[in-house]
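Notes for the one structure printed next.
Side chains are part of it too, since the values below use all heavy atoms of this structure and drop only hydrogens, waters and symmetry mates.
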Amino acid sequence: MKPQAVAAADKPAAFSFAYLCNAVAVIGCVLCVANGVLIAHFYGAGIAIGWTIGAVALLCAVVVLTYRESLGETSVLPVLGGAHLALIAFWMASAIAFWMTGQRGGWVAAIIIPASWAIHVIFTAKGNFVHVLSCLALCTVPMLAFLIQSVWTEFPIWVAISGSVSAVAMVASITESAKYSHGNFLALQKALAQADATKERLEFAIRGAGDGYFEIDFDTMEATVNPALAEIIGAAGPNAPLDMFHQFVHPEDRDLVFSTIDTAREGTIDGWKQELRVRRADGEWTWMQLRAQAIQANAAHGRKLIGTVVDMTASKNIEDQLRASKEVAEASSSAKSQFLANMSHEIRTPLNGVLGMAQALDADELTAAQKEKVAIILDSGKSLMALLNDVLDLTKIEAGKLEISAVPGDFLHTMKRTRQLFQAMAEEKGLDLLMRYDSNFPQRLTYDPTRVRQCVSNLVSNAIKFTPQGRVEVAISARPLADGEFMISVEVIDTGIGINAETQSRLFSVFTQADGATTRKFGGSGLGLAISRQLARMMGGDITVTSTHGKGSSFVLTFRAREAAAAAAPSPSPARPAASAPRSLRGLRVLLTDDNAINRQVIKLFLAPQGCDIVEATNGKEALDLLAQHEFDIVLLDIHMPVMDGKETIQRLRAERRWKDLPVIALTADAMSGDREKYLALGMSDYVSKPVDQRELIAKMHLVKGFEVPAAPPVTRRA
């Protein structure tokens with residue numbers, strides 16, 4: 001054992017009695033004296049005393065030099081090696097002396113001495129291997145000589161030969177054992193050095209990071225903390241019973257932390273990670289992250305729990321900042337959505353009056369010049385509506401509130417109707433608008449017809465707009481995918497002005513057109529393509545473009561669709577008397593509820609040619625009062641009104657049994673995503689957004705009354 005008084009960093013003293021205060025020195029001296037007594041028996045006291053003094057002196061020299069070497073004084077190694085060889089040689093001399101007595105007791109002592117020293121050298125000699133072999137040679141050569149002499153003097157020749165071979169083999173075995181032991185010793189030294197280096201690196205890393213480290217002995221339930229953790233929590237010392245550390249854990253976290261430790265002690269879990277609040281030395285509670293791992297028992301130690309405690313103050317601050325930023329962003333997004341909803345409502349309300357009156361004027365008998373002016377008003381209003389709808393669509397997409405609603409339908413029929421919408425526009429410019437598709441194209445698909453029509457309409461409209469002469473062609477194809485799905489491709493090809501490569505790279509960005517001159521010449525907000533591409537990607541596809549400036553463009557819309565089952569054949573219905581199913585709105589009593597006089601005037605102008613009997617109300621309360629006094633066939637209900645709005649009105653109306661099935665159509669400027677579904681869920685029979693389209697309103701009124709909708713709802717011209 002190294003005395004605590006000797007510091008490894010200081011140069012050891014040349015001699016100190018403390019060096020001899022160990023078992024090796026004491027037992028060695030006892031052996032020297034005992035061997036001296038045996039020498040005295042054979043050779044007398046004088047020789048015995050001389051040998052004993054020499055042996056003890058050499059033993060003490062070896063012990064002192066070994067101790068100094070263990071304290072780091074490497075300069076003593078040559079002297080230590082010589083002293084060690086001298087000590088062994090001194091003992092071998094006594095062994096030879098015993099053998100030379102010729103007595104059996106002397107022979108026993110002679111054999112025991114080199115054999116014991118050989119074992120000692122194999123298991124304790126830690127010098128270089130040459131020194132170990134030298135020491136073994138001093139031990140084994142006399143022993144080999146003793147054995148060979150004994151067998152050749154005591155046994156027949158054939159036994160002597162065998163005994164000699166055995167003696168040589170024994171010496172070789174001792175040498176191999178020494179070699180193996182020395183190799184194990186070197187490997188152990190290397191492993192210990194690596195373990196020490198790893199430990200130092202880990203301790204340095206933990207100290208450098210300022211993290212706390214702890215160990216808990218599951219046998220004693222004592223905890224040991226490193227200096228960093230002791231400093232953080234202000235612990236009195238590095239070691240203490242685990243219960244002493246309860247005070248440093250926040251009361252709300254304490255039960256969870258220590259119950260988990262108990263669970264790990266029982267062996268149910270091996271490790272875990274959790275966040276907890278720890279009281280610092282200054283009394284403040286700080287969020288920290290605990291990572292713990294149970295270490296299984298081994299020959300040296302019982303089961304332990306090791307772990308680290310990392311200060312999370314910085315990450316918690318960042319988390320709080322991110323949360324605050326997220327709340328600000330969400331509030332900003334909500335404010336933007338609310339602003340757009342309000343602006344949409346405020347724009348649609350007066351626009352309803354403008355377009356409504358324009359539609360009413362268009363139904364009158366006008367001169368050609370007057371009809372041209374009305375047509376300009378309607379076209380301008382529709383352009384304004386298209387821009388407003390694009391902005392709302394873009395906002396819905398950015399907010400993640402726009403959903404794709406796939407329904408079964410005839411896709412080619414949808415495309416043919418879309419082509420019909422643009423046929424007149426193409427003919428006005430003298431363009432051919434063509435459509436072709438594969439003969440094996442699926443008859444029915446499950447897709448979102450509204451969004452597909454929106455994308456295709458945008459592409460066809462742009463193609464017609466930017467093609468001064470030639471043609472626009474729509475090519476439709478379907479590529480089969482797995483599980484009954486298809487990748488539908490709609491390619492719109494034109495012979496227009498084309499797009500240069502630089503413009504193509506930014507064509508699908510919002511508010512982007514080819515250039516300023518194009519914007520001035522053709523108009524447009526630059527939102528259509530950006531919205532269409534995002535819609536296509538939401539449907540599992542994309543929109544791509546190839547174009548040559550001055551020679552035309554090709555836009556390809558792709559999206560995923562699933563094959564739908566064939567439509568069921570309509571079941572035959574019994575013939576009904578003609579009088580039982582009215583086919584027009586003439587004579588229907590309509591309760592028109594809107595706080596805006598202009599909006600009421602527009603609806604009256606729309607419905608007057610239909611022969612409806614219209615009664616007006618300015619808010620929901622008036623509407624309910626009128627319903628209580630009179631019978632009505634249909635209610636047109638605005639949403640935003642004073643006194644009682646449309647939402648409360650429909651809820652009260654549906655609460656009454658007598659009005660449960662009364663058709664109610666919402667007429668509102670609310671056109672954000674989900675508004676239609678929201679009002680239908682409240683009990684509305686249908687929904688029409690402002691500005692109100694005359695034909696759409698008439699069609700919806702036919703539908704909610706169960707009338708057959710005319711192919712083209714009549715708009716009777718008034719004198």
Side-chain angles (χ1 to χ4, degrees), residues 344-390 417-431 433 457 460-462 464-468 519-525 584-586 588 590 592 594-614 616 636 638 665 667-669 671 688-702 709-719:
S344 172
H345 183 274
E346 294 303 321
I347 293 173
R348 287 173 185 275
T349 299
L351 194 58
N352 185 55
V354 173
L355 292 181
M357 290 299 181
Q359 290 178 74
L361 276 175
D362 192 43
D364 289 343
E365 295 292 340
L366 303 175
T367 64
Q370 290 172 331
K371 288 191 69 65
E372 182 179 358
K373 293 173 183 177
V374 171
I376 292 173
I377 294 174
L378 289 171
D379 288 344
S380 299
K382 290 177 181 177
S383 298
L384 182 57
M385 277 301 304
L387 176 60
L388 182 60
N389 289 333
D390 281 348
R417 291 188 61 182
T418 303
R419 175 182 175 275
Q420 290 174 357
L421 291 175
F422 294 96
Q423 186 65 48
M425 182 189 301
E427 290 175 354
E428 287 179 4
K429 296 189 67 173
L431 304 176
L433 180 56
S457 295
V460 174
S461 174
N462 283 347
I464 295 174
K465 181 192 299 184
F466 295 105
T467 303
T519 303
R520 287 190 297 271
K521 181 177 180 180
F522 296 100
S525 63
S584 73
L585 304 179
R586 185 166 301 278
L588 260 62
V590 179
L592 174 60
D594 197 315
D595 63 310
N596 188 292
I598 295 177
N599 288 341
R600 296 199 305 272
Q601 182 66 22
V602 168
I603 300 302
K604 287 167 62 180
L605 289 172
F606 283 175
L607 298 183
Q610 308 304 315
C612 297
D613 182 8
I614 300 173
E616 300 179 48
L636 303 180
D638 187 25
I665 298 178
L667 299 182
T668 177
V688 175
S689 64
K690 297 176 182 177
V692 177
D693 181 83
Q694 183 180 13
R695 295 180 183 274
E696 180 185 10
L697 175 61
I698 294 171
K700 290 291 180 71
M701 291 176 68
H702 276 79
V709 180
V715 182
T716 308
R717 296 186 178 275
R718 298 180 293 110

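For the residue pair Ser457 and Thr418, the shortest heavy atom distance occurs at OG-CG2, 3.6 Å. Pairing each heavy atom of His702 with each of Ile698, the nearest pair is ND1-O, 2.8 Å. Contact record, Ile464 with Ala426: CD1-CB, 4.1 Å, taken as the closest heavy-atom pair.
Partners of Arg600 under the salt bridge (Lys or Arg N to Asp or Glu O under 4.0 Å) rule, at least two apart in sequence or in another chain, are Glu616. For Asn462, the side-chain hydrogen bond (donor to acceptor under 3.5 Å, both in side chains) partners at least two apart in sequence or on another chain are Asn458. In terms of the side-chain contact (heavy atoms from CB on, under 4.5 Å) criterion, residue partners of Ser461 (sequence neighbours excluded) are, by chain and number, Phe422. Taking the side-chain hydrogen bond (donor to acceptor under 3.5 Å, both in side chains) definition, one finds that Gln601 meets it with nothing, sequence neighbours left out. Residues satisfying the side-chain contact (heavy atoms from CB on, under 4.5 Å) criterion with Glu427, sequence neighbours excluded, are Gln423.
Between Leu667 and Ile665 the shortest side-chain heavy-atom distance falls below 4.5 Å. Looking at heavy atoms from C-beta onward, Asp638 lies out of side-chain contact with Asn599 at the 4.5 angstrom threshold.
Atom CG of Leu607 and atom CG of Asp613 lie 11.5 Å apart (nearest 0.5 Å). Note that the CG atom of Asn596 and the NZ atom of Lys690 stand 6.5 Å from one another [nearest 0.5 Å]. Separating the OG1 atom in Thr467 from the NZ atom in Lys429 is a distance of 6.5 Å, to the nearest 0.5 Å.
Lys604 places no side-chain N or O within donor-acceptor distance of the main-chain N or O of Ile614, the cut-off being under 3.5 Å. The backbone N or O of Thr367 lies less than 3.5 Å from a partner atom in the side chain of Gln370, making a donor-acceptor pair.
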